[in-house]
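Atoms within a ligand are numbered from 1 in the order they appear, just like the ligands themselves. Not measured: the values here are computed from a predicted model. Values reported hereafter were calculated over all heavy atoms of this structure, with side chains retained and with hydrogens, waters and symmetry mates removed.
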Amino acid sequence: MSALEAARSLFTGLTGREPDGVWSAPGRVNLIGEHTDYNEGFVLPFAIPHRTFAAAALRDDDRVRVASTFAEEPVEVDLAQLDALFPTPVGSAPSVPEWSAYALGVAWALRAAAPGATARGVDIAIASDVPVGAGLSSSAAIEGAVASALDELWSTRLDPVALAQIGRRAENEAVGAPTGIMDQMSSMLGRADAATFIDCRTLATESVPTGFTAEGLEVLVIDTQVKHSHSTGGYRERREACERGAALLGIRSLRDATEADLPRAAALMDDVTFRRVRHVVTENQRVLDTVRALAERGPRAIGDLLVASHASMRDDFEISVAELDLAVETALAQGAVGARMTGGGFGGAAIALVARDDVERMSDAVTRAFADAGYAAPHVFTVHPSEGPRRDA
Ligand code: ADP
Ligand code: MG
């Protein structure tokens, strides 16, 4: 059963009626620009074909009920209760089951952003083919699908950037995960065959044609199956190191530093903080270089930038793991144009830019290398830059 059908059948099983519609939003892969978003820097993600579907319908009362194939039990609250549930106090877990805070948080943030809109109760059933916790942003996909459904059902009619901000608010303040805006923006603004350049300070965006299809290139995703969690430890520590580095440099955020500032940074801070800063500063430059290379020289010219990005995450930002390094090294040894880990790190997925004819050989080689190393089998598949949210039914 497709995820679209799964959402619809979950809905009818739950409510005994047909949904008013089914809306979906994609996951994303970040081509380059990692841990730059919360430093007000640059990112270059693209939406992928994998999507999360929300089958939804208005109710005659003011109850909000969410169900997911991912969860055992639906969660039901009063609309009026949302303002008491959220924001979740900093450092605590949400007072509803965590998965439901993504959807209920979107309902809460949308109501706050459009207070005049007539909000009625709603039933929402969710199913997805975005792998969860793999660095492909299943969280932005669920937020985008629910935001798109509610935006239409509640007639709030916000633009895609505003809906992305609502998804981020849900994730930050309802779930309590201190993530940046990249995931929601790349999901909401996805376009076929293009990546989305985002200036995370101004939220200015630009659609950047990748040329992958014309050049016969695919993006191989190697999901290591090593689970990461944004809400814990490492991610928070990296953010704090970046804030500390910016404060020591006397700037608002690391966006305001360039490679010319690195010698001064080295003198001002401890080695670990300096290396965190150096990753962000050089990564911002690599994003700009990638956009230029795609426009001027085509996708085969970005390989070295992808490889340099991985080295920086492995050595300076220290967010890679052995499985991700092996995936990248194997892909490169097999002739990939470039490869790097993608997403927040500490597990999740790597990507490799690969000639279409090499996909099968490369997948086999990676799978074999993981078996030889005694690692769990990776999940390997291809993606291409795809459309943002849509109404499917
Ligand atoms: P990622 O976004 O990389 O997949 P996150 O930790 O940011 O990982 O988000 C994953 C979380 O989002 C899940 O643990 C779950 O709480 C929620 N989630 C994602 N997809 C769904 C879904 N289809 N149904 C319910 N919850 C989901
Ligand atoms: Mg996420």
Side-chain angles (χ1 to χ4, degrees), residues 1-11 14 22-30 34-35 37-38 43 45 47-48 50-56 65-75 88 93-94 96-107 124-149 164 167-172 174-188 221 223-236 319 324 341-351 379 383:
M1 196 181 351
S2 72
L4 191 160
E5 287 159 16
R8 200 205 301 266
S9 100
L10 181 66
F11 186 95
L14 182 73
V22 183
W23 292 260
S24 67
R28 65 97 187 92
V29 150
N30 193 18
E34 222 63 77
H35 287 261
D37 61 348
Y38 55 80
V43 294
I48 60 176
H50 302 68
R51 306 178 75 85
T52 295
F53 296 83
R65 182 162 53 160
V66 291
S68 167
T69 54
F70 177 92
E72 304 250 311
E73 295 281 335
V75 175
T88 298
V96 289
E98 187 179 76
W99 71 269
S100 71
Y102 290 85
L104 296 174
V106 165
I124 306 171
I126 292 154
S128 180
D129 52 31
V130 185
V132 169
L136 301 178
S137 207
S138 66
S139 58
I142 185 175
E143 290 152 10
V146 172
S148 301
R168 183 198 185 175
R169 187 162 186 222
E171 189 149 342
N172 290 172
V175 179
T179 53
I181 189 73
M182 171 176 72
D183 296 352
Q184 294 82 11
M185 291 283 265
S186 42
S187 177
M188 293 304 301
V221 177
D223 175 3
T224 62
Q225 309 281 342
V226 179
K227 295 297 172 211
H228 69 99
S229 169
H230 271 174
S231 354
T232 50
Y235 185 90
R236 206 178 294 272
I319 54 172
L324 288 168
M341 56 151 280
T342 184
F346 309 106
I351 54 169
H379 181 207
V383 295

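Taking the ring centroids of Tyr38 and Tyr235, they lie under the 6.0 Å cut-off.
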Verdict with supporting geometry, Phe53 and Glu5, side chain to side chain contact (heavy atoms under 4.5 Å, CB included): CA-CA 9 Å; Phe53 296 83; Glu5 287 159 16; over 6 Å; no
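For a distance bound of 2.8 Å, the N, O or S atoms of Ser137 include none lying that close to the Mg ion (ligand 2).
For the pair Ser128 and ligand 1, the shortest N or O to N or O distance does not fall below 3.5 Å. Polar contact check, Ser139 against ligand 1: a nitrogen or oxygen pair lies under 3.5 Å apart. Checked against a 3.5 angstrom limit, the closest N/O atoms of Ser138 and ligand 1 fall inside it.
Contacts with ligand 1 closer than 4.0 Å are made by heavy atoms of both the backbone and the side chain of Trp99. Contacts of Val132 with ligand 1, taken as heavy-atom pairs under 4.0 Å, involve both backbone and side chain.
Heavy-atom contacts of Ile142 reach the following atoms of ligand 1: 21 (C), 22 (C), 24 (N), 25 (C), 26 (N), 27 (C) (cutoff under 4.0 Å). Of all the atoms in ligand 1, the ones that sit under 4.0 Å from a non-hydrogen atom of Ser68 are 22 (C), 23 (N), 24 (N), 25 (C). Using a 4.0 Å cut-off to heavy atoms of Phe70, the atoms of ligand 1 that qualify are 13 (C), 14 (O), 15 (C), 22 (C), 24 (N), 25 (C), 26 (N).
With Ser148 contributing its side chain and Gly144 its backbone, the two residues share a donor-acceptor pair below 3.5 Å. A donor-acceptor distance shorter than 3.5 angstrom exists from the side chain of Asp129 to the backbone of Arg51, with no hydrogens or angles considered. Side chain of Thr224 to main chain of Gly347: no donor-acceptor pair is present (N/O by atom type, distance under 3.5 Å, no hydrogens or angles). A donor-acceptor pair is defined here as one N or O able to donate and one able to accept, closer than 3.5 Å; no such pair exists between the side chain of Ser137 and the backbone of Gly27.
Looking only at side-chain heavy atoms (C-beta outward), Met188 and Arg28 stay at 4.5 Å or farther from each other.
Using 4.0 Å as the threshold, Ala71 has no heavy atom nearer than that to any atom of ligand 1.
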